[in-house]
Amino acid sequence: RRALMMRVALGVFLVGGLPLLAPSVARYIGVFLAYVVAAVALHFAIRRRVGGVFRVLLGGILDVAITTFLVHRLGSQGTPLVSAYLLLGMFVALVAPAWTARALGALGVVSFCAVSFAEALHFIPYAPDAPEAARYTPTLLAAARSTVLLAVLVAVSTRVSERIARALH
């Protein structure tokens, strides 16, 4: 339930706080509201104990999608939002089977990798909603380095959380 409340809190922040910090993302209020609605729906599903592991995966996919959307909009190489991929694996490992945390962690890394390399190869613009960062274009080496670093950190943090969860049960 606490992890779910984090999702709802993130949704509220996306709607009310992020547009104040990064005004250029205010035009995506519809995306953020959809995330809030989905987070509330997942909240009710958890309260009613509906969906089990499928619900965990669905919530994790939702989190990876919104994180990846924001990482692209604000710049894959310069936004602290990349740390959300770490938190996702850690939270899921505490409340669900280890394979779900690993699968969602891997999805996060693959999503980040796709955005990073697409930006480096100029398939998509870098940080289109962060004008101060938009002049920078990541190199292929930067994309590779950041992806490898993220993969290692996600793997380690998820594994540690799995061990903590096992010790608590």
Side-chain angles (χ1 to χ4, degrees), residues 1-14 17-18 21-22 25 31-32 35 38-39 42-43 45-46 51-121 123-124 126-127 129-130 133 136-169:
R1 288 186 186 167
R2 286 187 185 127
L4 179 64
M5 290 310 297
M6 293 297 293
R7 184 175 288 132
V8 172
L10 173 61
V12 169
F13 169 73
L14 291 175
L18 188 59
L21 297 173
V25 299
V31 172
F32 304 150
Y35 181 82
L42 286 167
H43 178 73
I46 286 175
V53 173
F54 175 75
R55 182 195 64 238
V56 172
L57 288 171
L58 184 62
I61 291 168
L62 176 70
D63 293 338
V64 168
I66 196 71
T67 299
T68 303
F69 174 77
L70 291 170
V71 162
H72 164 58
R73 301 310 306 177
L74 299 174
S76 64
Q77 304 301 308
T79 179
L81 291 171
V82 173
S83 63
Y85 293 116
L86 295 172
L87 297 174
L88 173 65
M90 291 168 58
F91 284 145
V92 171
L94 293 173
V95 299
W99 70 267
T100 58
R102 291 182 198 138
L104 291 170
L107 177 63
V109 171
V110 168
S111 298
F112 176 79
C113 177
V115 167
S116 293
F117 278 91
E119 290 169 343
L121 292 168
F123 294 152
I124 58 177
Y126 179 77
D129 291 313
Y136 171 76
T137 301
T139 64
L140 290 173
L141 182 59
R145 270 192 228 150
S146 60
T147 299
V148 168
L149 179 61
L150 179 64
V152 170
L153 291 173
V154 166
V156 169
S157 63
T158 301
R159 180 72 176 134
V160 167
S161 292
E162 288 171 14
R163 295 193 73 171
I164 291 169
R166 211 175 13 225
L168 293 173
H169 294 106

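Between Pro138 and Tyr126 the shortest heavy-atom distance is CD-CD1, 3.4 Å. Leu62 and Ala38 get closest at one heavy-atom pair: CD2-CB, 3.6 Å. In terms of heavy-atom proximity, Val154 sits nearest to Leu86 at N-CD2, 3.4 Å. Considering all non-hydrogen atoms of both residues, Val53 and Thr100 come closest at CG1-CG2, 3.3 Å. Smallest separation of non-hydrogen atoms from Ser76 and Val115: CB-CG1, 4.2 Å. The minimum heavy-atom distance linking Ala101 with Gly89 is given by the pair CB-O, 3.7 Å.
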Q: Show your working on side-chain contact (heavy atoms from CB on, under 4.5 Å) between Phe13 and Leu21 and close with a plain yes or no.
A: CA-CA 10 Å; Phe13 169 73; Leu21 297 173; 3.8 Å; yes

Q | Worked verdict on Leu107 versus Leu88 for side-chain contact (heavy atoms from CB on, under 4.5 Å) | A | CA-CA 11 Å; Leu107 177 63; Leu88 173 65; over 6 Å; no

Q: Please report the C-alpha distance between Thr79 and Leu70 in whole Å, then the side-chain angles of each, then the deciding distance to 0.1 Å, and finally whether the side-chain contact (heavy atoms from CB on, under 4.5 Å) criterion is met.
A: CA-CA 9 Å; Thr79 179; Leu70 291 170; over 6 Å; no

Q.
With side-chain contact (heavy atoms from CB on, under 4.5 Å) as the criterion, how do Asp63 and Phe91 come out once you've worked through the C-alpha distance, each side chain's angles and the decisive distance to 0.1 Å?
A. CA-CA 11 Å; Asp63 293 338; Phe91 284 145; over 6 Å; no

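Residue pairs that meet the side-chain hydrogen bond (donor to acceptor under 3.5 Å, both in side chains) test with at least one member in residues 139-154, sequence neighbours left out, are Gln77-Ser146.
Within the 4.5 Å cutoff, the side chain of Val25 has heavy atoms near those of the Phe32 side chain.
A distance of 10.0 Å separates CG in Leu87 from CG in Leu10, rounded to the nearest 0.5 Å. To the nearest 0.5 Å, atoms OG (Ser161) and CZ (Arg166) are separated by 11.5 Å. To the nearest 0.5 Å, atoms CG (Leu168) and CG (Leu94) are separated by 7.5 Å. Distance check, rounded to the nearest 0.5 Å: CG of Leu81 to CG of Leu18 gives 7.0 Å.
Residues forming a ring pair (Phe, Tyr, Trp, His ring centres under 6.0 Å) with Tyr35 (at least two apart in sequence, or on another chain): none. By the ring pair (Phe, Tyr, Trp, His ring centres under 6.0 Å) test, Phe54 pairs with no residue at all, sequence neighbours left out.
Test Thr68, Ile61, Thr67, Ile66 against Val64 for side chain to side chain contact (heavy atoms under 4.5 Å, CB included) and you get one pass: Thr68.
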